[in-house]
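Take a look at the structure set out below.
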Amino acid sequence: MVADRPKAFLRFPMGNSGGNGRKLTADRREVRPSRTAQARPRKAAVRKTAPAKRKSGNIFVRFIAATVGLIWKLIWGVTWRLGATVAMLLFLASAYYYMVMPPLGDLLDARARGSVTMTDSSGNVFAWRGETFGGIITADTVSPYLKNAIIATEDRRFYSHLGVSPRGIAGAIRSNMQSGRSAFSGAGGSTITQQVAKLLCLGVPFDPDEWSSEAAYEADCRRGTIWRKIKELPFAFALEASFSKDEILTIYMNRAFLGAGARGFEAASQRYFGRSANEVGPAEGAMLAGLLVAPSTFAPTRNLARAQARANVVIGLMHEQGYLTEYELAEARSYPATLSSSAEAQRGIAFADWLMQSGPAFLTRDTTEDVMMRTTFDPRIQTAIEEAVTHVFDTRVRDGSEAEVAVVVMSPDGAVRGMVGGRSASVGGFNRATQAMRQTGSAFKPFLYAAALENGFEPFDIVEDAPLTITTPGSGAWSPRNYDNEFRGFVTMTEALARSLNTPAVRISEAMGRERVREVANQFGLHSDLAEGPALALGASEANLLEMTAAYAGILSGGNVVRPYGIEQLRLLQESAPLFEARAGVGESVISERSAQVLTWMMTQVVTDGTGGRARLNDREVAGKTGTTQASRDAWFIGYTADYVAGVWMGYDDNSPLQGVTGGGLPAEIWREAMERVHNGVPARPLPMIVPERPVLEAPQTAPAPDAQPFSGQNIGNTLEDTIRGVLGSIFGGN
């Protein structure tokens, strides 16, 4: 039975031995403490740790590694804190600009100056001055070719960046350094958004009290300093937050300066091509976009070939970026953009400059509004003048001559129809027709003879051409001479004028009194200080060509003062009612109509029988007068027909003598060439003149004494000469 028990029950507990007398012991086993025993505290076992390993490696290497690690920790700590500070400042600045950002409509045209658009006598635009704004265009209405050209050349990633392009800035820095410039000198890598920020001057408006001019204000806004570049960043982000991409592009297209005074692409397109920016094709759009890099350099009105070459580069960029097909690329390069006829001609530059200086300042050179000016300008007459000058200088003047010329053509009432201010024209250049004050020479003599006729002299009155000496207190003795140093004895006043004789003119002036001559000349419009001495009669005083031409118009108009004018009407662009309208320039009477018409006849003799023969026109009557100053420093011819008055001046800007040129030479030829073209198709009309009756000497009616010798023609002449000499001697004095 015992053998059948489980082994576990065969073990006996520890104690006394059993019946066999052996001592029983239990098997060794692991004794696990009870839960109660586990809860009891016991002494902590002492844990033996492995001995520390000694650091291996060079001590210097370990020192450097520790130093680098410390520096990195410092850099990282400073960098993230500095970055967080910059980000916070950038955010705050952007938020400020965002809150003060004006609405879109206020940003499209914020010019401090206005513009003046001039139309000719037919109503066609021929000139612009000031900052012209052609009207608002938008990114969704402008020609897609122009829009794509702007994107291609200025900011190809415009629609993907957030206002700033780090890639573009890095590329610009690399390009500058490769070109030998400093990193921030030259290309700036600015996005269109940043350029808009610059155009808006970072929101700082123009203040005339702070800036001497709008040009100085804009120059400061365009300065590419590092600090300004930094300030552009928050403003660019504010723009991106305030407006859509197309709205930012709209601001850019309306505010960009594009040369020739054009502000915005609409004004530039109208000025250069005569059409809206909404209608331009690939070649025109590329030329307009090409102006952005340097408007003054690439303006097509300055150098068309250079503008076309720049446009060709833009066309290539458009094709590379997928904006033009192969066909459009080939067509744009085969037919480059050209100027409109009015822009190409650039006629009336001197005329337009004169109007800007002579018109009301608040509506012309200082205007803050856009002004429309209707003028008296006639493009056909302007072309005639320019062709005449070119023809004479090409055929009659030696190559390389620096002689200058000025021409004015006006109607008898003073309406100026055309003007040449020099052989080359540039906006704002020196205008010799209005700004050059030159001695008038014998061109002044008609006013002397006008005074004489008004004071009772007649065309066939006899005056002596002989040596004359006048002593003036403080100046000493003065003796006038004729151009050819010859004297002709007794001549009529008409002959003296026709041959431009000097001593007869001085005798007449001294007989009437210089003050009377000066008074008549002033009343005819010669307002400069006239000479005080006897040389007054010979044109020692100065005047400009416009004044002289208007004074001759006064003779043609019946002896009235004529004030030259070129503005017929001024109005604001958006208004229909005119602010100013001009009337005819004919004013009060200076001499009687009879005296003026007799003087006109006397001046026709200058052309038919005198010094002005080269000005003769075959199909109509011409009255005029030549003028040549001392040493031939100035040469004039001024004359008129029944329809037009024209004046021509030639000389050097440095006042050096002309070589072999007199008023009856090249100036008279230019006058004839111009007036032949001006009168082309104009019916001939007679001049308003009175032909005086030549006095007839009658023989004595009494019978001669038986011992008297019969009178011969020589005897009559001698007797008449003696009589005249005696009378004139008592009047004029001298020999």
Side-chain angles (χ1 to χ4, degrees), residues 441-468 480-512 517 534 537-539 552 555 591 594-616 621-628 636-640 662-665 668 687 689-697 713-714 716-729 731-732 734-735:
S442 293
F444 178 85
K445 288 177 180 175
F447 310 111
L448 161 69
Y449 285 94
L453 292 172
E454 194 69 3
N455 281 267
F457 286 76
E458 293 294 334
F460 294 111
D461 284 351
I462 303 298
V463 62
E464 186 176 23
D465 179 26
L468 173 66
R481 294 184 301 172
N482 293 322
Y483 181 79
D484 57 6
N485 290 319
E486 295 183 0
F487 298 98
R488 291 164 178 79
F490 290 99
V491 295
T492 64
M493 284 208 323
T494 301
E495 184 179 359
L497 177 62
R499 295 185 181 183
S500 199
L501 302 178
N502 287 336
T503 57
V506 174
R507 292 178 188 274
I508 295 172
S509 174
E510 294 300 298
M512 285 188 301
V517 177
L538 306 185
Y552 275 58
I555 300 172
I591 60 176
R594 180 191 178 279
S595 295
Q597 292 182 353
V598 170
L599 179 59
T600 293
W601 175 82
M602 293 174 64
M603 293 169 66
T604 63
Q605 305 308 296
V606 175
V607 177
T608 58
D609 298 316
T611 57
R614 294 188 184 183
R616 187 182 296 116
E621 297 169 335
V622 173
K625 184 67 185 75
T626 58
T628 308
W636 306 71
F637 186 85
I638 308 174
Y640 50 86
T662 64
L687 280 168
M689 62 184 180
I690 295 175
V691 180
E693 293 184 4
R694 186 182 296 271
V696 178
L697 292 177
Q714 183 65 39
I716 296 175
N718 291 339
T719 303
L720 178 61
E721 181 174 332
D722 291 340
T723 303
I724 293 175
R725 186 181 296 275
V727 173
L728 292 179
I731 297 177
F732 297 114
N735 297 328

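No hydrogens, no waters, no symmetry mates; every other heavy atom, side chains included, goes into these values.
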Could you work out, with side chain to side chain donor-acceptor pair (under 3.5 Å) as the rule, every residue matching [X], not counting sequence neighbours?
X      : answer
Thr494 : none
Thr492 : none
Thr628 : none
Asn482 : Asp465

Are any side-chain N or O atoms of [X] and backbone N or O atoms of [Y], one a donor and one an acceptor, separated by less than 3.5 Å?
X      : Y      : value
Lys445 : Leu501 : yes
Arg694 : Phe460 : no
Asn455 : Ala451 : yes
Ser509 : Val506 : no

Write down the atom of [X], the atom of [Y], and the distance for their closest heavy-atom approach.
X      : Y      : answer
Ala466 : Arg507 : O-NH2, 3.3 Å
Ala450 : Ile591 : CB-CD1, 3.9 Å
Leu538 : Pro480 : CD1-CB, 4.1 Å
Pro692 : Pro459 : CG-CG, 3.7 Å
Ile555 : Pro446 : CD1-CB, 4.1 Å

Original post:
By side-chain contact (heavy atoms from CB on, under 4.5 Å), which residues pair with Ala668, not counting sequence neighbours?
Top reply: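 By the side-chain contact (heavy atoms from CB on, under 4.5 Å) rule, Ala668 matches Arg614, Ala615, Phe637.
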
Subject >> salt bridge (charged side-chain N to carboxylate O under 4.0 Å, His left out) contacts in which one or both residues fall within residues 487-498, not counting sequence neighbours >> reply: Asp484-Arg488, Glu495-Arg499

Original post:
Is there any salt bridge (charged side-chain N to carboxylate O under 4.0 Å, His left out) pair reaching into residues 453-463, and which pairs are they, with sequence neighbours excluded?
Top reply: Glu458-Arg594

Any non-hydrogen side-chain atom of [X] less than 4.5 Å from a side-chain atom of [Y]?
X      : Y      : answer
Thr503 : Glu464 : no
Thr662 : Tyr483 : yes
Thr600 : Glu621 : no

Subject >> Worked verdict on Met512 versus Val517 for side-chain contact (heavy atoms from CB on, under 4.5 Å) >> reply: CA-CA 8 Å; Met512 285 188 301; Val517 177; 3.7 Å; yes

Original post:
Going through the checks in order, is the side-chain contact (heavy atoms from CB on, under 4.5 Å) test met by Val463 and Val491?
Top reply: CA-CA 6 Å; Val463 62; Val491 295; 4.1 Å; yes

**OP:** Evaluate side-chain contact (heavy atoms from CB on, under 4.5 Å) for Arg616 paired with Val622, printing each intermediate quantity in order.
**Re:** CA-CA 7 Å; Arg616 187 182 296 116; Val622 173; over 6 Å; no

**OP:** Answer yes if the side chains of Ser442 and Ser500 hold a donor-acceptor pair under 3.5 Å, and no otherwise.
**Re:**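 There is such a pair between these side chains.
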
Subject >> Verdict with supporting geometry, Leu468 and Phe487, side-chain contact (heavy atoms from CB on, under 4.5 Å) >> reply: CA-CA 11 Å; Leu468 173 66; Phe487 298 98; over 6 Å; no

Original post:
Got a sec, which residues hit ring-ring contact (aromatic ring centres under 6.0 Å, His included) with Tyr640, two or more places apart in sequence or on another chain?
Top reply: none

Original post:
Hey, what do you get for CG (Leu497) to OH (Tyr449), rounding to the nearest 0.5 Å?
Top reply: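 Taking CG in Leu497 and OH in Tyr449, the distance rounds to 5.5 Å.
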
Original post:
To the nearest 0.5 Å, how far apart are CG in Leu599 and OH in Tyr552?
Top reply: 9.0 Å

